[in-house]
Amino acid sequence: MEAKTEAAPETDGPRSVSAEETERWMEEAVRMAKDALENTEVPVGCLMVYNNEVVGKGRNEVNQTKNATRHAEMVAIDQVLDWCRQHGKSAGEVLERTVLYVTVEPCIMCAAALRLMKIPLVVYGCQNERFGGCGSVLNIASADLPNTGKPFQCLPGYRAEEAVEMLKTFYKQENPNAPKSKVRKKECQKS
Ligand SMILES: [Zn+2]
């Protein structure tokens, strides 16, 4: 059956995504977020899908790398650029047809990076109330920023409850890097 009963949204760039695709890719993104949580990282996982193929994926690795910019999306973007080099494809052409699936609303930094990469569509889980760049704190995704890439479309709310639960679990734990400073100061004073 080739007949198209439901027309895709009438936009030229962003592709529409089917429920099956969303379920399949978000399942993997959730699995990666769990892996982040198990490794005391902010539980965010994501996949970049181009032509039904995963061309990049990432989970937050800020603590592991001690680099505050290594959010899941930034890790995934680097992988997509590697994939393009390896396959002799133009990054521009690939990225403008790539869909990002991510468990949490991209933060302000990542939303700006996604604009600059001209990713057309982001499917995400829960909101990012602390740093969200797709509406929660700022709306970088659809803001009128003529010198910062292109706006992108968002499909929020997919498996949001699970994603929120993981974030809550994470923020209940201690951050292995930062918040021990008080304890450390005391220890220093003692010695
Ligand atoms: Zn981010």
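Just so you know, ligand 1 is whichever comes first in the structure, and atom 1 is the first atom listed for that ligand.
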| Side-chain (R115) to main-chain (L145) donor-acceptor, under 3.5 angstrom | yes
| query | Near the Zn ion (ligand 1), which protein N/O/S atoms are found at less than 2.8 Å? | reply | H71 ND1, C107 SG, C110 SG
| message | I'd like to know whether E21 forms a salt bridge (charged side-chain N to carboxylate O under 4.0 Å, His left out) with R24, so could you lay out the CA-CA distance, the side-chain angles of the two residues, the decisive distance to 0.1 Å, and finally the verdict. | response | CA-CA 5 Å; E21 281 178 287; R24 178 175 167 202; over 6 Å; no
| Aromatic rings W25 and Y101: how do their planes relate, parallel, tilted or perpendicular, breaks at 30° and 60°? | tilted
| With hydrophobic residues grouped by side-chain heavy-atom distances under 4.5 Å, do W83 and L95 end up in a single group? | yes
| task | State whether the side chain of N39 and the backbone N or O of E41 hold a donor-acceptor pair below 3.5 Å, judged by distance alone. | result | no
| task | In sequence, state the C-alpha distance, the side-chain angles, and the governing distance for V54 and M48, and then conclude on side-chain contact (heavy atoms from CB on, under 4.5 Å). | result | CA-CA 6 Å; V54 177; M48 298 270 202; over 6 Å; no
